[in-house]
Protein chains: 2
Amino acid sequence: MEYEQLKLDNQLCFRLYTAARLTIGAYHPYLDPLGITYPQYLVLLVLWEQDKQPVNDIAHKLFLETNTVTPLLQRMEKAGLVMRTKGKEDTRQRIVSLTKKGIEMREQAKHIPDCLSDEIIQITGEEEEFVRMIPSLDKLIAGLKQNNQQLNK
Amino acid sequence: MEYEQLKLDNQLCFRLYTAARLTIGAYHPYLDPLGITYPQYLVLLVLWEQDKQPVNDIAHKLFLETNTVTPLLQRMEKAGLVMRTKGKEDTRQRIVSLTKKGIEMREQAKHIPDCLSDEIIQITGEEEEFVRMIPSLDKLIAGLKQNNQQLNK
DNA sequence: TACTTTTGCATCGTGAACGATATAAATTTG
DNA sequence: CAAATTTATATCGTTCACGATGCAAAAGTA
């Protein structure tokens, strides 16, 4: 049993990785008609909560690097969902704001979380089990974020 | 509060997506010295459990599509970790087997799961909380797998 | 046996993710 | 105030992830 630990079955990360991919897959039927991807949907969620944010703030809220978010925003700009304007106080900043199309998409998207919740309930019989997971995931995310950052110093 | 549902904080998927990315990030210090990526590590886990498997079996165990796994295996072959030979009974199949280098890497990797467990314990104070998540994640994965498959029919 | 369908794998194109690096503007320091 | 440093964003290269498509071998069917 020397290599017992190396069994795929024993691994938490593999579960997270797979569950994330498959859950994102479950968004496809709802996001495809809108012509957006899941990461683009996340950017819209951030901007719907507060319009006109610099790239860095968006990246920070999504726990992503700016070199991931920049091309994402460029594609969203090309798709007519957002505009990127130079910052006024700090000209290094790019302020990202929603276009009319981006604002209007909120209405089309507002049912999506309910649809996903329903699907999870339908899969599992109960919702509670997954609501209970959320604080644990938040704790994990906060801890890993800190650990990974310390490595880069 | 019409759009309350859209708030990022309410989303399970975002947690899974972020936790998965950051956990994979936590593997970097252990995988970089071996010169492999996390998905490549997963392929090795599968092959260490059972050598000589067709592409399809590997993909299935990882819940990935073959068009993801094929290029992954091609890179691993170029790196000298695996060999891909034509199947004997079914010549359409490609049987993937470990090279000497791939077999030997098991010894170097065997401590990794313990290291990650320790890190999670250190982050959160206790392991139980995350062990408890595993059956829920498995239930979610199984359900989503079935749902997504039905969409492709 | 000829024909159709399915299966196993590969290729291509697009969109993330992210490390490394670049660049210009702001900030700090001497 | 000039020089060094930090910050905000962008660019580039590599590796996934996956839908769409292609192709040859196997399996099923008339």
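Naming convention: chains lettered A, B, ... in sequence-line order (proteins, then strands); numbering from 1 in each chain.
The residue among B:Leu72 and B:Thr91 whose nearest nucleotide of DNA chain D lies closer to the 5′ end is B:Leu72. Annotation: of the two residues near DNA chain C, A:Phe63 and A:Glu89, the 5′-most nearest-nucleotide partner is A:Phe63. For the pair A:Arg75 and B:Val69, both in contact range of DNA chain C, the more 5′-proximal nearest nucleotide belongs to B:Val69.
Hydrophobic clustering (side-chain heavy atoms under 4.5 Å, transitive across Ile, Leu, Val, Met, Phe, Trp, Tyr) keeps A:Leu44 apart from A:Met83.
Counting heavy atoms from C-beta outward, B:Phe130 and B:Ser117 have side chains that stay 4.5 Å or more apart.
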When you look at B:Phe63 and A:Phe14, which way does the side-chain contact (heavy atoms from CB on, under 4.5 Å) test go after all the steps? CA-CA 10 Å; B:Phe63 299 93; A:Phe14 175 62; 3.9 Å; yes
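In this entry the distance linking CZ of B:Arg21 with C1' of C:dG15 reads 15 Å, nearest Å. Spacing between atom CD of A:Gln74 and atom P of D:dA10 amounts to 6 Å, rounded to whole angstrom units. In this structure, B:Ile24 places its CD1 atom 21 Å from P of D:dT14, rounding to the nearest Å. Atom C1' of nucleotide C:dG8 and atom NE2 of B:His60 are separated by 14 Å, given to the nearest angstrom. Whole-Å rounding puts the A:Leu62 CG to C:dA17 C1' distance at 13 Å. The CG-P distance, from A:Leu73 to D:dT9, rounds to 10 Å in whole Å. Between the CG atom of A:Leu31 and the P atom of D:dG19 there is a distance of 13 Å, given to the nearest Å. Atom-to-atom, CD of A:Glu65 to C1' of D:dC12 comes out at 16 Å; the value is rounded to the nearest Å.
Taking the centre and axis of the six-membered ring of B:Tyr17, the NZ or CZ atom of B:Arg21 falls inside the cone set by 45° and 6.0 Å.
Contacts of A:Pro54 with the nucleic acid, taken as non-hydrogen atoms under 4.0 Å apart, involve only primed sugar atoms and P, OP1 or OP2. Nucleic acid contact for B:Thr68: base, since at least one base atom lies under 4.0 Å from a heavy atom of the residue.
Taking side-chain N and O atoms only, A:Asn56 has a distance below 4.0 Å to OP1 or OP2 of D:dA8. Taking only side-chain nitrogens and oxygens, A:Arg94 never comes nearer than 4.0 Å to OP1 or OP2 of D:dA8. Put simply, A:Gln40 has a side-chain N or O that comes within less than 4.0 Å of OP1 or OP2 on C:dA16. For D:dA17, one of the phosphate oxygens OP1 or OP2 lies less than 4.0 angstrom from a side-chain nitrogen or oxygen of A:Tyr17.
Taking only distance into account, the side chain of B:Asp90 never meets the base of C:dG8 through a donor-acceptor pair shorter than 3.5 Å. Side-chain to base pairing of A:Arg92 with D:dA8: no donor and acceptor N or O lie closer than 3.5 Å to each other.
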Report all side-chain donor-acceptor pairs from residues 50-60 of chain A shorter than 3.5 Å, counting only partners two or more places apart or in another chain.
from    : atom 1 : to      : atom 2 : distance (Å)
A:Asp51 : OD1    : A:Leu98 : N      : 2.9
A:Gln53 : OE1    : A:Lys61 : NZ     : 2.7
A:Gln53 : NE2    : A:Val46 : O      : 3.3
A:Gln53 : NE2    : A:Gln50 : O      : 2.7

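The side chain of B:Thr37 has D:dT15 as its nearest neighbour among D:dG19, D:dT15, C:dC18.
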